[in-house]
Chemist: 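Can you keep this structure in mind? I'll have questions shortly.
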Protein chains: 2
Amino acid sequence: MELDERKKTILKLIIATYLETGEPVGSRTISKFNDLNLSSATIRNEMADLEELGYIVQPHTSAGRIPTDKGYRFYVDNLMEEKEDAEVEKSTLLERVDRMELLLKQVAKVLAYNTNYATLVTAPNYRKTVKFIQLSKVDEQTLLAVIVIEGNLIKNQIIPIDTILDNEDVLKFNILLNTFLQGASLEDINLEMINAMKKQSGEYSVILDQIFQGIIEAVHEANELEIYTSGATNILKYPEIGDISRTSELLEKFEDKEELSHLIEKKTGNKEESGDIQVYIGEENAVQNMEDCSMVTATYKMPEGATGTIGILGPKRMDYKKVVSTLKNLTIELDDIFNKRKGVNDDG
Amino acid sequence: MELDERKKTILKLIIATYLETGEPVGSRTISKFNDLNLSSATIRNEMADLEELGYIVQPHTSAGRIPTDKGYRFYVDNLMEEKEDAEVEKSTLLERVDRMELLLKQVAKVLAYNTNYATLVTAPNYRKTVKFIQLSKVDEQTLLAVIVIEGNLIKNQIIPIDTILDNEDVLKFNILLNTFLQGASLEDINLEMINAMKKQSGEYSVILDQIFQGIIEAVHEANELEIYTSGATNILKYPEIGDISRTSELLEKFEDKEELSHLIEKKTGNKEESGDIQVYIGEENAVQNMEDCSMVTATYKMPEGATGTIGILGPKRMDYKKVVSTLKNLTIELDDIFNKRKGVNDDG
DNA sequence: TATTAGCACTCAAATCTTATGAGTGCTAAC
DNA sequence: GTTAGCACTCATAAGATTTGAGTGCTAATA
């Protein structure tokens, strides 16, 4: 059954009012909106219909109505008009920084500051290639490997070695490593490549093993999905989650990057257009303890087609309009940085 | 008024029982300890005395007694026998790592895992000296500065520059920087030193300014008091803090390094012997919202006399014995690492 | 036929009432 | 100095009562 215009209007009013007050919305409240000019009895009839259709529900017999997940979904998809472009402050939120890592951390922070929800940001799934490796002697038996990856992701790795090395050796290794690894994608740095390097190097193979070991560790670390979060403690402010133990579980979940990456992974595989907003309401999250939460994510895009996600986790009863417009703005800014201003080095 | 032996015994039993159960302890409970052989009436008389002396208090008229801060203090100072060395599992908790930063993060984690409290660890206040600086060309107009500091604290800094540099230039700068800065204490890297370098360098002064700018930023960052925390969400499990908003404030405070550094600073200036345990109970913390918390810290020591702190923040009603012994163990292990095993490079 | 006024009904939340029982302080006896 | 006995206190839990917001239904109305 299609909703007629009046039902839509009423549903919209109910949800908007509920988002504002957090209290179940009664028929009289709605009938007071003077552009409606309907008595509470009529509203009641309409509400009964809306309830039968699954858009709203009564927490208990003599209470007003609150939206169901289906109701929220309809609101987000059809009823919520986004803020006019004019209204949206397009003030630049991001400072320019040179390192992808710092930039994304900043995004998470700014987003948390602007929405007062818990936020998470994933690094783009771009093909990470090595810009260069710098091996330096820390002391007689210790090396430092610095690996710089596209986007200026920097990894440091201390490598203890058995043999005493002089500067000549270190220089040689540097050249060897860079010859092979410069421009290589992190995924390509595997046993085969290492064996090739070993062959070429000849006598130094024992030390090289130790160095490779270190490099591989660093590469492995760099290759992990990076997720940055901010404002986790905002979760404590969602009253609807209720129980402190549930809240605490949720908070712990949010601090566990492993868990988060699952959460995000499920989301991807969608349309993946930059600026796309995805909203996951309540049960749609399919993660324990998140039935009372909504997640709103936006996809940002890098020039080569790599995409990343920025998003917030909040209570179902959240200001979707504001969140969506904030996310859109930030995505645009991020796209800008990646595509025009080149604040962060990309593959070019 | 001195406490006689019987009063001490009773106080100890009261506190020990309370630590276990969390319920106010009544006279009958105590009188049941058969090594005491006293009726509840007698215990009541003694309890009345102990209350008058300020060691225990009734939450309300018809309740049992719970310890006051003064009671806890007396318990910790005089009554609590620490676990026998034999009982304490001396299992090695720490993995050996080469970087101070990783080591301390690990300490915080291990401590949280073992105590189930929120933990914090400060880096030692050692004189940080530069081991070496490595400047590398990221691309035509970007440099990467890697600063390695004693203890293998590593800082990376991207430095954008206006001029296009060739490898020769970078090499020159490297030599220049290291000549001046190797072995220098971070505090010494100031305008004077930089002016001296500028004079020596001659023509490159414009670029040098940009490089110095970057180096100074990195040095500044490295010089900040590092505090590592872990297990913050354990705070949510302290039931005595009660109110979720208070808990949440406390949690936020705990995540604010600024705030934490104040908390720690107040503690220092004490005896500063390695292995020293300091216990701060309730009001002794003199930080808002921490009246219901206790903080237990231990000092660890580096060979040159630098000291750092490891500690936990928990509810007043905590297993002090266990916490103290865990802290002692970790401190010993840490001292070991710094002084014998040299897991982390020190000044040598 | 759609809308509305009227009214009985429901039920969460707040407030009050009333046990219950753990624990105390005091007193008099041992 | 210690203890038995007893009256007293008060937090907690469980019921009882009130209040009010809100509903569904029905009959009257436009």
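Here is the naming used below: chain letters follow the sequence lines, and residue numbers restart at 1 for every chain.
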Chemist: Over how many whole Å does the gap from E46(A) atom CD to dT4(C) atom C1' extend?
Modeler: 14 Å

Chemist: Kindly indicate whether the side chain of F74(A), heavy atoms from C-beta on, has any atom under 4.5 Å from the side chain of L50(A).
Modeler: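 Side-chain contact under 4.5 Å: no.
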
Chemist: Determine the contact category for S27(B): base if any of its heavy atoms lies under 4.0 Å from a base atom, sugar-phosphate if only primed atoms, P, OP1 or OP2 are that close, otherwise nothing.
Modeler: sugar-phosphate

Chemist: When the distance from CG of D4(A) to C1' of dA2(C) is rounded to whole Å, what number comes out?
Modeler: 13 Å

Chemist: Want to settle it: does P59(B) or M47(A) sit nearer the 5' end of DNA chain D, counting the closest nucleotide to each?
Modeler: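 By nearest-heavy-atom nucleotide position, the 5'-most residue is P59(B).
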
Chemist: Are more than 12 heavy atoms, taken from residues, nucleotides or ligands other than R73(A), located less than 6.0 Å from that residue's CZ atom?
Modeler: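 Count over threshold, so yes.
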
Chemist: What contact category does T61(B) fall into here, base, sugar-phosphate, or nothing, at under 4.0 angstrom with non-hydrogen atoms?
Modeler: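 Answer is sugar-phosphate: T61(B) comes under 4.0 Å of backbone atoms only.
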
Chemist: Any chance you could measure I312(B), atom CD1, to T115(B), atom OG1, to the nearest 0.5 Å?
Modeler: 5.5 Å

Chemist: Return yes when atom OH of Y113(B) has more than 12 non-hydrogen atoms of other residues, nucleotides or ligands closer than 6.0 Å, and no otherwise.
Modeler: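 Atom OH in Y113(B) is not crowded, with 12 or fewer foreign heavy atoms closer than 6.0 Å.
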
Chemist: Would you kindly give the CG-to-P distance between N37(A) and dA5(C), to the nearest whole Å?
Modeler: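 It is 11 Å, rounded to the nearest whole Å.
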
Chemist: What's the spacing between T119(B) OG1 and N234(B) CG if we round to 0.5 Å?
Modeler: 8.5 Å

Chemist: For A63(A), is there any backbone N or O sitting under 3.5 Å from a side-chain donor or acceptor partner on Q58(A)?
Modeler: yes

Chemist: Would you mind reading off the distance between D49(A) atom CG and dT3(C) atom P, rounded to a whole angstrom?
Modeler: 11 Å

Chemist: Whether R28(A) contacts dA5(C) is assessed here as follows: a side-chain N or O lying under 4.0 Å from the phosphate OP1 or OP2. Is that the case?
Modeler: no

Chemist: Taking 5' to 3' order, which nucleotide of DNA chain D is first and which is last to have an atom within less than 4.0 Å of a heavy atom in chain B?
Modeler: dT2(D) to dA11(D)

Chemist: Once you round it to whole Å, what is the distance between C1' of dT4(C) and CZ of R6(A)?
Modeler: 12 Å

